[in-house]
Amino acid sequence: MRHIPDGVLRRLDDEPLAVPDRFTEHVADCGRCSARRASIARDTELAARLLSAPQLVPDADMAWARIRRELQWSREERADRRWRRAPVISRRARFPSVSLRAGLVMCAIGIVVAGTAAAATLTTIFAPTHVAPVSLSQGDMRAITAFMGLGDSHVLGGFPTPDGSSTVRFGTIKWSSSGSAHPVSSLRAAAGEAGVPVSLPARLPAGVGAVQQFIVQPRASVTVTFNSTAGSLGGSSVTLDAGPAVLAEYAATSGTGVPTLGVATMPRPKALSTGASMSQIEAFLLSQPGIPPELAEEVRLLGDLRTILPVPVPPGASVRSVQVGGWPGVLLADKLNAAAGVVWEDGRRMLHVVAGILDSRDVLNVADQLG
Amino acid sequence: MGLQTRHDERLECSDARSGLAGFEAFFRDHYRVVVRLAQTVVGDLQGAQDVAQEVFLAAYRRFPGDYEQAAGWVRVAAVHTALNVLRGERRRDKRELQVQAVSSLPSAEDTVIEREARAELRRVLRRLPRRSAAALVMRHCGMSYVEIAEALGVRVGNVGTLLRRAESALRKEMDRETHS
């Protein structure tokens with residue numbers, strides 16, 4: 001009988017019952033085939049050792065929630081394409097026209113909006129210890145802004161005035177701040193005025209120049225007071241305090257004047273409630289008409305909202321959970337990885353945002369120096 | 001908006017809902033193995049989950065309403081997509097080296113050794129022929145010869161040969177890495 005092919009010898013170790021007896025008998029009697037089998041087994045063992053990294057169990061519920069959201073976005077995009085006859089501008093072509101500050105403002109407003117919603121789910125205090133992503137579709141953004149009474153025109157600009165109030169279906173929302181965002185002369189002045197420690201990266205990615213300005217956003221607060229239509233919540237209120245924040249804005253080395261990188265630092269936001277329980281408020285908010293059920297489910301999947309700051313993930317963005325200096329963070333990037341941002345809270349209870357017209361690795365490299 | 005269009009949209013929504021239920025069942029049956037395959041290649045859970053998400057979204061579009069046909073496909077796609085990630089990483093390697101000097105803090109010697117071994121494996125995997133690498137990863141993630149044959153579209157009798165060549169190449173490449 002001819003010697004046994006390598007492939008059969010290989011299978012003999014994995015699935016011996018699938019190999020015909022005559023082959024097995026031959027190997028037992030043939031020194032050459034036995035030696036080849038032993039050599040093959042050594043290679044198999046090496047491969048097994050190399051490929052046997054510890055396997056962590058993935059969270060299928062969370063993964064499914066994200067996939068379903070992605071599919072929903074795709075359907076919405078198809079619907080948009082069907083009805084919008086205006087020429088479509090590619091994301092790459094459109095992006096540079098959006099200034100970094102506008103991007104950071106959108107991010108900050110998103111955090112405040114989501115933070116307010118999260119704050120309203122707290123019993124007495126909201127003190128997040130880490131961040132977690134919440135995917136938002138265009139429909140969710142519209143639903144949240146309508147629900148919070150912000151209106152379409154305010155979505156990108158935040159609240160229309162430094163102080164004011166708005167009536168919504170379930171009560172009133174009051175906001176106030178100790179001033180508007182303004183530039184200051186130096187890092188020391190910014191840190192002194194805000195009263196927060198601010199670190200900046202020692203090494204910058206290629207294309208990023210010096211800091212072109214420091215901006216301080218004074219402390220701001222938003223109070224939601226529930227009326228009688230909110231059932232058992234009627235009369236109670238929740239106040240979210242955020243800031244002060246310092247933003248360092250970096251210029252491009254090309255001298256275009258367009259900021260390429262922003263580094264923002266602020267204490268973690270906090271919220272106080274006058275007495276409603278977390279479960280009461282969470283159940284109320286998530287069951288409101290207009291709040292998409294998928295969004296409600298995703299918020300529920302976050303877990304204990306008292307310790308989690310939801311980071312809104314806009315449609316089309318990719319999101320990853322990362323570690324920055326050992327602390328959990330959320331990394332967002334556009335589809336082309338031409339712009340990215342990372343948000344995390346460190347062990348000193350400071351919230352950091354690093355964002356720029358850079359790929360996600362460059363953004364993470366900057367973040368790692370601060371973490 | 002015309003009545004016909006509204007009708008079409010409602011039908012589409014209804015189709016989407018029923019299709020989604022079937023797709024969810026398929027997803028839950030195969031998600032873990034897909035993540036495991038991808039994790040074996042890319043080396044970290046988060047990266048593997050990103051690969052899995054990409055693969056399942058592609059499967060949803062490629063096999064509308066007939067997801068059971070996609071069981072083998074998602075496995076192959078997971079390995080190939082993960083290998084693509086590795087090949088993308090190679091382009092960034094030079095920059096990564098500069099970054100590591102700033103940001104990585106080795107915590108213990110064994111961790112460093114382990115990390116280096118994983119990096120070595122990834123370098124070798126991306127040099128292996130695609131089908132060999134796929135067969136290797138599939139087998140060492142527990143897939144049977146029949147499953148591998150179905151997934152790769154080869155005869156069952158050829159799987160052993162593929163594996164043998166892949167493992168032999170893996171050993172030679174690892175030797176080369178060690179001595180280079």
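Numbers restart at 1 for each chain; the letters A, B, ... are given by sequence-line order, proteins then strands. Just so you know, these numbers come straight off a predicted model, no measurement behind them.
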[X] side chain near [Y] side chain, heavy-atom distance below 4.5 Å:
{"X": "A:I67", "Y": "B:L57", "result": "yes"}
{"X": "A:R10", "Y": "B:Y145", "result": "yes"}
{"X": "A:W64", "Y": "B:F23", "result": "yes"}
{"X": "B:R164", "Y": "A:D43", "result": "yes"}
{"X": "B:E167", "Y": "A:L46", "result": "no"}

Hey, is [atom1] on [X] packed in by over 12 heavy atoms from elsewhere, all under 6.0 Å?
{"X": "B:E54", "atom1": "CD", "value": "no"}
{"X": "B:R131", "atom1": "CZ", "value": "no"}
{"X": "A:E45", "atom1": "CD", "value": "no"}
{"X": "A:R11", "atom1": "CZ", "value": "yes"}

Residue from A:I40, A:L364, A:D6 scoring the most non-hydrogen pairs under 4.5 Å with chain B is A:I40
With a 4.5 Å cut-off on heavy-atom pairs, point out which of B:V156, B:V137, B:V159, B:T161 contacts chain A the most. B:T161
Shortest non-hydrogen contact from A:A47 toward B:H140: CB-NE2, 3.6 Å
Return the minimal non-hydrogen interatomic distance between A:A60 and B:F27, and the atom names on each side. O-CE2, 3.6 Å
Output the distance between atom CG (A:D13) and atom CG (B:L163), rounded to the nearest 0.5 Å.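 Spacing of CG (A:D13) from CG (B:L163) equals 11.5 Å.
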To the nearest 0.5 Å, how far apart are OG1 in A:T44 and CZ in B:R171? 10.5 Å
In terms of heavy-atom proximity below 4.5 Å to chain A, should B:L136 be classed as side chain, backbone, both, or neither?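 The answer is both parts of B:L136.
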Between B:R139 and chain A, which part of the residue has a heavy atom less than 4.5 Å away: side chain, backbone, both or neither?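 Just the side chain, heavy atoms under 4.5 Å.
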